[in-house]
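One structure below.
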Amino acid sequence: MSDTPKAEIGVFGGSGFYELLDNPREYRVNTPFGAPSSPVMLGEVAGRSVAFLPRHARSTLSRRI
């Protein structure tokens with residue numbers, strides 16, 4: 001079995017989505033096109049595993065997460 005985390009649902013969205021995640025964990029990933037501007041956050045929403053990638057890098061957010 002792999003230690004790689006899995007998500008049932010993936011979301012690209014605005015910074016407000018961070019508030020919906022329960023038990024968020026940060027993961028740095030790489031793709032064939034390079035790393036995304038922010039780490040992927042993996043958490044839960046209503047008992048479902050959700051991966052969230054913000055549209056903008058964290059440094060552009062007005063509040064700290």
Side-chain angles (χ1 to χ4, degrees):
M1 245 183 137
S2 173
D3 290 338
T4 304
K6 304 284 185 196
E8 298 175 76
I9 301 166
V11 177
F12 295 97
S15 60
F17 194 84
Y18 282 108
E19 296 174 16
L20 296 177
L21 289 176
D22 293 327
N23 304 315
R25 295 169 313 280
E26 182 178 287
Y27 294 92
R28 297 202 178 272
V29 299
N30 204 356
T31 75
F33 306 101
S37 60
S38 288
V40 172
M41 297 300 291
L42 186 67
E44 295 180 2
V45 175
R48 306 285 301 267
S49 176
V50 177
F52 169 64
L53 181 63
R55 294 181 306 211
H56 306 286
R58 258 191 219 194
S59 62
T60 63
L61 298 178
S62 61
R63 66 178 183 81
R64 291 193 68 152
I65 300 169

Note to self: Side-chain heavy atoms nearer than 4.5 Å, only ILVMFWY residues, links allowed to pass through others: does that put Val11 and Val40 together?
What the structure shows: no

Notebook entry, point to check: What's the shortest heavy-atom distance between Phe12 and Phe52, and which atoms?
Noted result: C-CE1, 4.4 Å

Next item on the list: Identify the two heavy atoms, one from Pro39 and one from Pro54, that lie closest to each other, and give their separation to 0.1 Å.
Entry: O-CD, 4.1 Å

Item checked: Side-chain (Asn23) to main-chain (Gly43) donor-acceptor, under 3.5 angstrom -> no

Notebook entry, point to check: Roughly how far, to the nearest 0.5 Å, is the CG atom of Asp22 from the CD atom of Glu44?
Noted result: 7.0 Å

Check: Can you find a heavy atom in the side chain of Val50 that is under 4.5 Å from one in the side chain of Leu21?
Finding: yes

Item checked: Residues clustering with Leu42 (ILVMFWY side chains joined when closer than 4.5 Å, directly or via others) -> Tyr27

Check: Closest heavy-atom contact between Ser38 and Leu53?
Finding: O-CD1, 3.4 Å

Next item on the list: Give a yes or no on whether the backbone of Ser49 and the side-chain of Glu8 come within a donor-acceptor separation of less than 3.5 Å.
Entry: yes

